[in-house]
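Notes for the one structure printed next.
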Amino acid sequence: MALHQVEHGRGDDSGDVYSHPLSQEPLPKYRVPKRTSPPETVHALVRDELALDGNSSQNLATFCTTWAEPQVHALMDECLDKNMIDKDEYPQTAEIESRCVHMLADLWHSPEGRGTAGCSTTGSSEAAMLGGLALKWRWRERRRAEGKTTDRPNLVVGPIQVCWEKFARYFDVELRQVPLEPNATGLRPHQLRAHIDENTIGVVAILGVTYTCDYEPVAALAAELDAVQQDLGLDIPIHVDAASGGFVAPFLQPALPWDFRVPRVASINASGHKYGMAPLGVGWIIWRTAELLPEDLVFRVSYLGGDMPTFALNFTRPAGEIVAQYYTLLRLGHEGYRAVLTACRRTACALAGDISSMGPFRLLYDGGTALPAVSWTLADPERAGFTLHDLTDRLRRRGWQVPAYPLPADREQTVIQRVLIRHGISHDKIALLVEDIRAAVDDLTADSPPPQQSFHH
Ligand SMILES: *Cc1c(COP(=O)(O)O)cnc(C)c1O
């Protein structure tokens, strides 16, 4: 029985949020309330619930933007009423989306930045659906033209993010997941031949493998597919899932050819809301040339009396994220992205140094060559005296979110931990994390019996 029952409907003239009737009982969970309530009270109570989510700046699991300049907040507010799909009501917003597409096409070395086809999406997941559909459509057109069967398309991938599993299931494509070799963090070129055939619609290469944050070797994968074409006559395109790397590699590894510099790369997706540093809800997909996007996937909507091609899974979509992406591209420029990401990389490398010198850990990725992030495993899981899941729990007590999870097949016996360094995560914050990891390891290993004894009762 609750100690502080309130009489329903009792008035409260104090104006105090926490003595308002609404705040004296649990907030409605299953029914829309009968009465209206003052905005300050409702706002305070909802905000208090949200505080239970934890502190996003201590969430080291996410790739996504958790910090933005006040001007981004302002633009998001100013765009609250803008619907991306209404291209004739908001032609300037449509123009801004188009500028972003051309800027990214140019950033990724499209042979024709101005004429390239591309669009915004809600994130890389929607972009993956669109990219996958274009691969499937092109493969099917080619097969039909050759009078061949079109009922068993497959997509060859390495350690993909779940969006590609969704694409395969939703759009009826067989997913051929190439298992990880021992010590590998991604697809290796020599593995391709065993998995591709005439029904392969494409190979997905990942720039920033979700598990370890390493890059797959796009150019080497393309070279192997070139050799396959020579030997077997199969012309298999690459789609690069650059969800995070698409906004990192151009600034931190400008000499690395992973993008349209590699002729076999047909399309690229990236998440604006990851290292693009835009707020949540924006991704991008760009095709090398407009011809690679099959015409019958494109719908035409009226646009200022003319017509505007669209390719999207959604209809109504908020414009703020796209406008904020444009702001971020203008605001940071090459110089700014490089500066922010260089600072992130320096912090990641420092963390990697600390992790590897602690003793129980072995680095899988050290933050230096791909994303500004670190991943590690236990050097000797049998003898460590604790698991990485234990460490995750300990760190959680201090508010840190550092996930522990198994690698995909065939390395699912390896459990790893990963930390992403993003805009807004300072070196100082990571130094504090390191102290907490040290303290947690000391604590966990003090609790546990020495490993030799645990087997001889
Ligand atoms: C995050 C991620 C995705 C999904 O992107 P969203 O923008 O969250 O939809 C896809 N692929 C990779 C490699 C990712 O890191």
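Each residue takes its place number in the sequence, starting with 1. Counting convention: from 1, in listed order, for ligands and their atoms alike.
A donor atom on one side chain and an acceptor atom on the other are found under 3.5 Å apart for Ser267 and His239. Remark: the Thr200 side chain and the Arg176 side chain contain no N/O donor-acceptor pair separated by less than 3.5 Å. Residues Asn314 and Glu126 have side chains that bring a donor and an acceptor to within less than 3.5 angstrom of each other.
The atoms of ligand 1 that sit less than 4.0 Å from any heavy atom of Gly208 are 13 (C). Atoms of ligand 1 found under 4.0 Å from any heavy atom of Ile206 (numbered from 1 in listed order, with element): 13 (C). Using a 4.0 Å cut-off to heavy atoms of Ala243, the atoms of ligand 1 that qualify are 2 (C), 3 (C), 10 (C), 11 (N), 12 (C), 13 (C), 14 (C), 15 (O).
For ligand 1, the polar-atom distance check against Glu126 finds no nitrogen or oxygen pair separated by under 3.5 Å. The shortest N or O to N or O distance between Ser244 and ligand 1 is not below 3.5 Å. Some N or O of Ser124 is nearer than 3.5 Å to an N or O of ligand 1, by distance alone.
In the candidate list His273, Lys166, Gln161, Lys274, Lys274 is nearest to atom 2 (C) of ligand 1, counting heavy atoms.
Close to ligand 1: Cys163, with a non-hydrogen atom less than 4.0 angstrom away.
In Thr122, neither the side chain nor the backbone holds a heavy atom less than 4.0 Å from any atom of ligand 1.
Not a single donor-acceptor pair under 3.5 Å links the side chain of Gln401 to the backbone N or O of Ala61.
Ranking protein heavy atoms by distance to atom 13 (C) of ligand 1, first place goes to Asp241 OD2, 3.3 Å. Closest to atom 9 (O) of ligand 1 among all protein heavy atoms lies Ser125 OG, 2.6 Å.
At a threshold of 4.0 Å, the pair Arg362-Asp380 does not count as salt-bridged, since none of the basic side-chain nitrogens sits closer than that to a carboxylate oxygen. Between Arg300 and Glu295 there is a salt bridge, since a side-chain N of the basic residue sits under 4.0 Å from a carboxylate O of the acidic one.
Between Tyr405 and Tyr211, the two ring planes are tilted [angle within 30° to 60°].
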